[in-house]
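This report concerns only the one structure given below.
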Amino acid sequence: MRYRSFRSSIRYKLSVFLMAAILLPIAASILISYFYTKHSLKDDAIRENSNTVRQGTTSLISQLNGINNVSLHAYSNIRMTSSLYNILIQGRSDFMVENNIYSGLHAIEQSAKDIQQVYLYSDRADQSWLLIDGYLKREPGGEGLSGHFVQPVDKNDPFLEPPHASHNYGMEEFPYSPSNTVLTIHRPVYRAPLKERIGVLSIDFKLDGFRNIMSMLYDKGQEQIYLLDDTGTAIYTSKEEEIGGKPHYAWLQHARYSFAQAGHFEWNEDDGFSGIVVFEKFELMGRIWLVAKQIPYSYLYSNASSVLRINLVVLLTFLLVAIAAALSVSIWVTSPIKRLTESIRRIKLGKLQFGGDLERSDEVGVLGSAIKNMVETIDNLIMRELRLELANKDNQLKALQAQINPHFIFNTLQSIGAVALHNKVPKIYELTSSLGLMMRYNMNTEESVVPLSKEIAHVEAYLELQKQRFKDKLHAVVDLDGDTGLDTQVPKMILQPIVENCFKHGFDSAQQAEISIRAERRDGMLYVTVADNGPGMPPERLHELQRRIARDAPEGTQGNSIGLMNVVSRLRLFFNEEAVVTVGNAKPRGFSVQIGIPLQEGAASDESADCG
């Protein structure tokens with residue numbers, strides 16, 4: 001309840017408005033800046049990485065062309081008899097050509113810094129030579145090619161063996177350094193123009209050249225890059241353990257089988273990668289090569305996230321400042337209003353003393369002065385009207401009650417009762433006693449408000465007199481709930497006139513008469529119902545009576561319901577229009593009157609004091 005009251009207060013609404021006015025623009029600015037930054041970063045990253053991959057592709061083409069050109073050294077100096085080409089044509093393998101072979105292989109080894117070793121096999125001589133670190137080894141046969149050389153589709157094309165661990169081509173006795181991962185190009189050497197193969201030149205290249213080029217194309221630890229051949233074999237990748245293998249990542253396969261020669265796409269699948277892929281393809285040595293770079297969103301938007309975190313810190317700082325400012329302003333603005341509200345609440349409770357801040361010269365001070373003057377005026381009017389209302393109500397109650405007080409001589413009844421006892425007629429004594437009780441109750445004009453129990457007792461005395469008239473033809477029932485408030489204060493003489501109307505209009509002495517008086521508590525009201533089994537009331541007369549009750553017709557109205565209207569008037573005077581009187585025909589026959597009395601603590605006692 002207190003929380004609802006706080007939420008409906010001006011202070012709460014003012015605080016919320018001030019914080020919203022400050023924070024919403026800042027939050028909107030941060031969100032717009034964040035999404036704009038993300039979009040800009042993505043566009044810039046695609047553009048820059050596409051250029052980087054394109055430039056890297058150019059360098060890789062040069063690298064592969066360099067490897068291919070080195071393998072063409074087998075055709076160098078073909079007019080010289082000491083060249084490797086002529087030695088292979090002659091099929092010589094004696095010691096006389098050893099120096100020439102060494103010179104030729106050494107020249108090839110020195111032509112590129114990434115070459116680890118050079119192998120030469122002569123088909124005609126069935127002889128193999130291996131040069132590594134300046135040392136030359138010869139051996140009959142060409143077993144070293146087994147499992148390492150696959151004949152290309154076009155015999156003029158070299159075969160590029162994917163990266164693998166280097167070996168000594170089957171020369172077991174040759175001293176060999178620890179193996180490295182190398183890329184081998186196998187170049188078949190043919191006798192021109194007959195296309196007769198005369199030998200094979202195999203060159204092992206270390207991957208340093210590829211590593212140097214590829215390292216400039218990606219951010220290590222954040223991005224990944226791959227160089228694949230047309231079989232899907234990784235010639236080089238940022239993941240060293242995958243070099244020479246065939247990675248089966250879905251995004252990489254998507255790039256391989258794309259119809260575009262170059263481009264990019266966004267990837268967000270369940271293989272652990274979400275981001276952008278930039279790729280480019282090129283054709284060389286009869287193969288389609290692929291360079292693909294992977295850029296994760298987490299790395300791409302790291303700068304945007306940093307900006308967002310900074311903005312959030314700024315937002316939180318502004319939030320604290322805004323809360324402090326909003327609370328200060330709301331307290332400063334609403335404190336005098338709250339004091340005015342508290343003073344008005346006390347006035348509502350009946351304390352007509354205004355304690356607002358009258359020293360202020362602003363609008364609140366003007367409002368306080370106006371309320372103070374209004375309270376003083378209302379206090380004067382209330383006191384004057386209250387005295388007038390109390391005097392009028394007392395006069396009205398006495399006047400209404402006087403209309404139905406019968407003028408019997410109470411002392412005469414006592415004398416009649418004494419004579420009846422003297423003559424031994426107890427029934428006459430009982431009747432005069434009941435009548436005497438009624439007269440005493442009626443003639444006590446000093447008591448205008450009584451407990452409901454007294455009113456019930458008065459009706460029971462009246463019924464005793466009527467039983468003498470109707471004998472056994474009268475059956476009366478008084479039914480009270482166990483929790484009925486018999487101590488409830490009610491105006492005097494509200495039930496007897498209603499019961500009297502039952503005998504006056506309900507039935508005659510020849511009819512079997514039934515009267516019931518029932519009282520019950522329901523929904524904070526005390527309901528007393530008086531019903532008879534008479535003929536009831538015609539619809540038009542019933543409607544007229546209900547209309548008169550609704551508009552509270554004055555007592556002087558002509559008709560047979562003067563007693564009932566008197567009761568209605570006094571009930572409404574006593575309970576301030578909160579009493580309810582309902583009339584209607586009972587079923588299957590009869591007439592009923594129901595009185596609803598509000599059960600409010602203090603109401604009866606206050607009215608009793610007023611009416612006294």
Side-chain angles (χ1 to χ4, degrees), residues 401 403-444 447 450-482 484 486 490-520 527-537 560-564 566-567 583 585-595:
Q401 185 177 344
Q403 294 179 11
I404 62 172
N405 282 337
H407 300 283
F408 294 100
I409 303 174
F410 183 74
N411 292 332
T412 303
L413 291 176
Q414 287 184 327
S415 299
I416 295 173
V419 171
L421 285 177
H422 179 74
N423 292 285
K424 298 181 179 180
V425 187
K427 190 62 177 177
I428 295 177
Y429 178 78
E430 292 176 2
L431 292 175
T432 56
S433 296
S434 297
L435 185 58
L437 291 176
M438 290 183 62
M439 295 305 102
R440 183 185 297 274
Y441 184 79
N442 288 340
M443 295 174 68
N444 185 10
E447 189 180 43
V450 298
L452 179 63
S453 57
K454 282 191 176 184
E455 191 69 4
I456 296 294
H458 177 64
V459 170
E460 289 177 341
Y462 175 76
L463 289 173
E464 282 296 325
L465 293 175
Q466 293 294 346
K467 286 180 180 179
Q468 180 62 28
R469 173 187 173 191
F470 286 88
K471 305 298 181 182
D472 295 333
K473 292 183 179 181
L474 174 62
H475 177 66
V477 177
V478 179
D479 184 14
L480 307 177
D481 279 353
T484 301
L486 295 178
V490 297
K492 191 177 180 180
M493 295 293 291
I494 61 171
L495 293 182
Q496 189 270 339
I498 298 175
V499 176
E500 182 179 353
N501 279 341
C502 293
F503 292 99
K504 186 176 181 180
H505 305 290
F507 34 72
D508 53 30
S509 58
Q511 181 182 352
Q512 185 71 32
E514 293 183 2
I515 296 178
S516 64
I517 303 173
R518 305 182 186 278
E520 61 177 348
Y527 291 95
V528 181
T529 305
V530 179
D532 61 43
N533 64 337
M537 185 176 290
N560 295 327
S561 300
I562 295 177
L564 178 60
N566 181 277
V567 171
V583 298
N585 289 324
K587 293 182 179 180
R589 67 193 307 270
F591 188 80
S592 67
V593 179
Q594 185 180 74
I595 298 174

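The shortest distance between side-chain heavy atoms of Ile517 and Leu480 does not fall below 4.5 Å. Using a 4.5 Å heavy-atom threshold, the side chains of Leu495 and Val490 count as separate. Side-chain contact between Tyr462 and Val499 is present, with at least one heavy-atom pair separated by less than 4.5 Å. Put simply, the side chain of Glu514 does not reach to within 4.5 Å of the side chain of Asp532, judged on heavy atoms. At least one side-chain heavy atom of Val478 sits under 4.5 Å from a side-chain heavy atom of Glu460. Ile515 is listed as a side-chain neighbour of Phe503, based on a closest heavy-atom distance under 4.5 Å. Annotation: side chain of Thr529 is not in contact with side chain of Val593 (no heavy-atom distance under 4.5 Å).
Here Glu500 contributes atom CD and Gln466 contributes atom CD; the two are 8.0 Å apart, rounded to the nearest 0.5 Å. Rounding to the nearest 0.5 angstrom, the gap separating the CG atom in Leu486 from the NZ atom in Lys454 is 13.5 Å. Summarising the geometry, atom CD1 belonging to Ile456 is positioned 12.5 Å from atom CD belonging to Gln496; distances are rounded to the nearest 0.5 Å.
In this structure, Val450 and Glu455 approach most closely via the heavy-atom pair CG2-OE1, 4.1 Å. Nearest heavy-atom pair, Ile498 versus Ile595, reported as atom, atom and distance to 0.1 Å: CD1-CD1, 3.6 Å.
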Item to complete: In sequence, state the C-alpha distance, the side-chain angles, and the governing distance for Ser592 and Val583, and then conclude on side chain to side chain contact (heavy atoms under 4.5 Å, CB included).
Response: CA-CA 6 Å; Ser592 67; Val583 298; over 6 Å; no
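Distance alone, capped at 3.5 Å, places no donor-acceptor pair between the Asn566 side chain and the Met493 backbone. Put simply, the side chain of Asn585 gets close to the backbone of Met537: a donor and an acceptor are under 3.5 Å apart. No donor-acceptor pair closer than 3.5 Å links the side chain of Arg518 to the backbone N or O of Asp479. Side-chain N or O atoms of Gln594 include none that pairs as donor or acceptor with a backbone N or O of Val528 at under 3.5 Å.
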